[in-house]
Undergrad: 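First, the structure itself, so that you have it in front of you.
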Amino acid sequence: MDWRRKDLLGIKDLTADEIRMVLDTAVPMKDILTRTIKKVPTLRGKTVINLFYEPSTRTRTSFELAGKYMSADTINISTSTSSVVKGESLLDTVRTLQAMGSDVVVIRHSAAGAPHFLARHLRAAVINAGDGANEHPTQALLDMFTIREEKGRLEGLTVTIVGDIAHSRVARSNLYGLTKMGAKVRLCGPPTLLPPALETCGAEVYTDLDRALEGADVVMVLRLQLERQQKGLFPGVREYARYWGINRERLKKAAPGVLVMHPGPMNRGVEIADDVADAPNSLVERQVTNGVAVRMALLYLLAGGGGGVEAAH
């Protein structure tokens with residue numbers, strides 16, 4: 001199967017075969033990360049622009065490293081120091097990027113649909129690095145890669161996602177991806193943080209965390225966005241930790257060998273206890289490493305590098 005898409009805008013649009021292709025391509029990319037010299041000429045002469053309208057550490061840095069490890073020219077544009085603060089529209093920014101001859105534009109934006117707008121007006125490939133409360137496709141891909149790497153499969157696994165489901169683009173992309181790959185997805189959180197009609201997306205929905213954890217193979221903990229408390233969507237962090245926080249005692253209800261994941265950054269002692277975040281079955285650090293490999297795979301597939309994945313000099 002050949003990769004035929006110009007852009008990566010969301011998991012919802014991808015087929016299971018396309019998801020599998022990205023995950024398979026990321027395997028040799030991860031091998032590159034173990035080398036003494038983490039550099040291949042695969043994307044030499046290509047330009048990757050990271051355009052971030054929202055703060056980000058993990059996603060932006062991993063895209064930057066992914067491009068540099070593959071010898072692409074990588075440029076970071078922070079909107080706080082760009083013409084955006086002078087009132088430049090997204091369309092004008094697009095035209096500027098087009099004139100610069102960019103090959104790939106990675107965009108994070110607070111408005112859902114911004115990457116799709118960009119893709120319609122840009123010849124370069126566009127990668128969605130998170131758009132509003134819509135999707136975060138590269139996070140879901142690295143999560144699926146990490147689970148498959150550890151468990152050997154995705155099909156037949158039970159994955160429980162806990163937290164602010166309503167506002168989480170990570171939860172949405174993982175729901176789309178995991179169900180397409182044959183996993184059973186459970187979503188759990190306070191009633192005020194669960195959007196309606198989730199069952200129609202193929203998920204089981206719980207407000208009782210203990211029930212949601214029963215027999216789970218993977219527990220994915222979402223960052224609690226503390227600004228939600230100001231809107232009265234949950235009583236307080238202490239109550240949240242008591243009813244929906246993941247701790248070692250609660251995890252005993254999950255399946256033997258349960259894996260714990262978190263997209264970061266973590267609110268320790270709120271959505272996840274220290275003894276869980278730092279436990280041997282926690283894959284938080286592995287997710288960060290795998291994020292670079294998966295983003296290398298996407299740059300390779302979208303930029304059409306001619307150097308070959310295995311090229312080392």
Undergrad: Test Arg295 against every option in Asn290, Val48, Thr59 by the side chain to side chain contact (heavy atoms under 4.5 Å, CB included) rule and name the one that passes.
TA: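 Of Asn290, Val48, Thr59, side chain to side chain contact (heavy atoms under 4.5 Å, CB included) with Arg295 is met by Thr59 alone.
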Undergrad: Under 3.5 Å, side chain of Arg186 to main-chain N/O of Ala203, donor-acceptor pair present?
TA: no
Undergrad: If you look at every heavy atom in His109 and Ala111, which pair is closest and at what distance?
TA: ND1-N, 3.0 Å
Undergrad: Taking only residues two or more places apart in sequence or in another chain, which ones pass salt bridge (charged side-chain N to carboxylate O under 4.0 Å, His left out) with Lys68?
TA: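 Here the qualifying residues are Glu64.
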Undergrad: With a 4.5 Å heavy-atom cut-off, do Ile161 and Val185 have their side chains touching?
TA: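 Yes, close enough: below the 4.5 Å cut-off.
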Undergrad: Identify, with sequence neighbours excluded, every residue that meets side chain to side chain contact (heavy atoms under 4.5 Å, CB included) alongside Ser282.
TA: Val284
Undergrad: Asp31: which residues meet the side-chain hydrogen bond (donor to acceptor under 3.5 Å, both in side chains) condition with it, sequence neighbours left out?
TA: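 side-chain hydrogen bond (donor to acceptor under 3.5 Å, both in side chains) list for Asp31, sorted by chain: empty.
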Undergrad: Is there side-chain contact between Trp3 and Arg5, with heavy atoms separated by less than 4.5 Å?
TA: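 Result yes, sub-4.5 Å side-chain heavy-atom pair found.
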Undergrad: Say whether Leu178 and Met21 are linked into one hydrophobic cluster, either directly or through other cluster members, by side-chain heavy-atom distances under 4.5 angstrom.
TA: yes
Undergrad: How far does CD1 of Ile75 sit from OG of Ser102, to the nearest 0.5 angstrom?
TA: 8.5 Å
Undergrad: Where is the tightest heavy-atom contact between Leu122 and Gln98, given as atom of each residue plus distance?
TA: CD1-OE1, 2.9 Å
Undergrad: Please tell me if the side chains of Asp217 and Val159 come closer than 4.5 Å, counting only heavy atoms from C-beta onward.
TA: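 With C-beta onward as the side chain, the pair stays apart.
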Undergrad: Taking C-beta and beyond as the side chain, do Met220 and Val162 meet within less than 4.5 Å on heavy atoms?
TA: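 Counting from C-beta outward, Met220 and Val162 never come under 4.5 Å.
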Undergrad: From Lys38 NZ over to Met296 CE, what is the distance, rounded to the nearest 0.5 angstrom?
TA: 10.5 Å
Undergrad: Is Glu18 reaching over with its side chain to a backbone N or O of Thr15, donor-acceptor style, under 3.5 angstrom?
TA: yes
Undergrad: Among pairs that include at least one residue of residues 171-219, which meet ring pair (Phe, Tyr, Trp, His ring centres under 6.0 Å), considering only residues two or more places apart or in two chains?
TA: none
Undergrad: Can you see which heavy atom on Ile11 is nearest to which on Lys180, and at what distance?
TA: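 That would be O-NZ, 2.9 Å.
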Undergrad: Keeping to residues at least two apart or across chains, list the side-chain hydrogen bond (donor to acceptor under 3.5 Å, both in side chains) pairs with something in residues 151-163.
TA: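 Every pair satisfying side-chain hydrogen bond (donor to acceptor under 3.5 Å, both in side chains) with a residue in residues 151-163: there are none.
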Undergrad: Taking side chain to side chain contact (heavy atoms under 4.5 Å, CB included) as the definition, give me every residue that meets it alongside Arg95, ordered by chain and number, with sequence neighbours left out.
TA: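 In terms of side chain to side chain contact (heavy atoms under 4.5 Å, CB included), with neighbours along the sequence ignored, Arg95 is linked to Leu91, Asp92.
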Undergrad: Taking all non-hydrogen atoms of both residues into account, name the closest pair between Cys188 and Ala212 and its distance.
TA: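 What the structure gives for the nearest pair is CB-CB, 3.8 Å.
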Undergrad: Does one hydrophobic cluster hold both Leu65 and Val22, with members joined at side-chain heavy-atom distances below 4.5 Å?
TA: yes
Undergrad: Distance-only, no hydrogens or angles: does the Asn267 side chain make a donor-acceptor pair with backbone N or O of Val270 under 3.5 Å?
TA: no
Undergrad: Counting C-beta onward and ignoring hydrogens, is there a side-chain heavy-atom pair between Arg20 and Arg148 closer than 4.5 Å?
TA: yes
Undergrad: Please list, chain by chain and in numerical order, all residues satisfying salt bridge (charged side-chain N to carboxylate O under 4.0 Å, His left out) with Glu149, sequence neighbours excluded.
TA: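 Glu149 satisfies salt bridge (charged side-chain N to carboxylate O under 4.0 Å, His left out) with Lys30, Arg286 only.
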Undergrad: Excluding sequence neighbours, so at least two apart, what forms side chain to side chain contact (heavy atoms under 4.5 Å, CB included) with Pro191?
TA: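 Here the qualifying residues are Thr207, Trp244.
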Undergrad: Strictly by ring pair (Phe, Tyr, Trp, His ring centres under 6.0 Å), give each pair with a member in residues 116-139 just once, sequence neighbours left out.
TA: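 Counting only pairs at least two positions apart or across chains, the ring pair (Phe, Tyr, Trp, His ring centres under 6.0 Å) contacts touching residues 116-139 are Phe117-His121.
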Undergrad: Going from CG on Asp7 to CG on Leu9, what distance comes out if it is rounded to the nearest 0.5 angstrom?
TA: 4.5 Å
Undergrad: Report the residues that fulfil side chain to side chain contact (heavy atoms under 4.5 Å, CB included) with Val205, sequence neighbours left out, ordered by chain and then residue number.
TA: Leu194, Leu198, Glu199
Undergrad: Is any side-chain heavy atom of Tyr69 less than 4.5 Å from a side-chain heavy atom of Val40?
TA: no
Undergrad: Ignoring hydrogens and geometry, is there a side-chain-to-backbone donor-acceptor pair from Asp2 to Arg4 under 3.5 Å?
TA: no
Undergrad: With rounding to the nearest 0.5 angstrom, report the OH to OG1 distance, Tyr300 to Thr42.
TA: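 Spacing of OH (Tyr300) from OG1 (Thr42) equals 7.5 Å.
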Undergrad: Checking side-chain contact (heavy atoms from CB on, under 4.5 Å) for the pair Thr146/Leu259: CA distance, chi angles, key distance, verdict?
TA: CA-CA 10 Å; Thr146 304; Leu259 304 177; over 6 Å; no
Undergrad: Looking at Glu214 and Lys253, is there a salt bridge between them, counting it only when a charged N and a carboxylate O are closer than 4.0 Å?
TA: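 Looking at Glu214 together with Lys253, the answer is no, because their closest N to O distance does not fall below 4.0 Å.
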Undergrad: Please list all pairs meeting salt bridge (charged side-chain N to carboxylate O under 4.0 Å, His left out) that have one or both residues in residues 127-143, counting only residues at least two apart or in different chains.
TA: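 Not a single pair qualifies under salt bridge (charged side-chain N to carboxylate O under 4.0 Å, His left out).
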Undergrad: So, does Asp103 use its side chain to make a donor-acceptor pair with the main chain of Thr47 at under 3.5 Å?
TA: yes
Undergrad: How long is the straight-line distance from CG of Asn128 back to CZ of Arg169, given to the nearest 0.5 Å?
TA: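 Arg169 CZ to Asn128 CG: 8.0 Å, rounded to 0.5 Å.
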Undergrad: Hey, are the side chains of Leu51 and Leu97 touching, using non-hydrogen atoms and a 4.5 Å cut-off?
TA: yes
Undergrad: Quick one: salt bridge (charged side-chain N to carboxylate O under 4.0 Å, His left out) pairs with a partner in residues 263-278, sequence neighbours left out?
TA: Arg248-Asp275, Arg268-Asp274, Arg268-Asp278
Undergrad: Run Leu141 and Leu298 through side-chain contact (heavy atoms from CB on, under 4.5 Å) and show every step you take.
TA: CA-CA 10 Å; Leu141 288 166; Leu298 287 168; 4.0 Å; yes
Undergrad: Tell me whether Val170 shares a hydrophobic cluster with Val288, the cluster being built from Ile, Leu, Val, Met, Phe, Trp, Tyr side chains joined at under 4.5 Å.
TA: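 The answer is no; the residues belong to distinct hydrophobic clusters.
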Undergrad: May I have the step-by-step check of side-chain contact (heavy atoms from CB on, under 4.5 Å) for Met70 and Ile32, ending in yes or no?
TA: CA-CA 10 Å; Met70 301 180 79; Ile32 294 170; 5.9 Å; no
Undergrad: Hey, any chance Leu23 and Leu33 share a hydrophobic cluster, counting ILVMFWY side chains that come within less than 4.5 Å of each other, even indirectly?
TA: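 In one cluster: yes.
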Undergrad: Does Leu213 reach the side chain of Val258, with side-chain heavy atoms less than 4.5 Å apart?
TA: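 Answer no - side chains too far apart.
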Undergrad: Can you name the closest pair of heavy atoms from Ala254 and Ala216 and give their distance?
TA: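 In terms of heavy atoms, the two residues are closest at CB-O, 3.5 Å.
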Undergrad: Rounded at 0.5 Å granularity, tell me how far OG1 in Thr93 sits from OH in Tyr53.
TA: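 Thr93 OG1 to Tyr53 OH: 4.0 Å, rounded to 0.5 Å.
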Undergrad: Other residues, nucleotides and ligands only: do more than 12 of their heavy atoms fall within 6.0 Å of CZ on Arg211?
TA: no
Undergrad: What pair of heavy atoms forms the shortest contact from Ala293 to Met29, and how long is it?
TA: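 Ala293 and Met29 have their closest heavy atoms at O-CB, 3.6 Å.
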Undergrad: Using the rule given for side-chain contact (heavy atoms from CB on, under 4.5 Å), can you reason through Ile77 versus Asn50, listing the C-alpha separation, both sets of side-chain angles and the distance that settles it, and then say yes or no?
TA: CA-CA 6 Å; Ile77 299 178; Asn50 293 324; over 6 Å; no
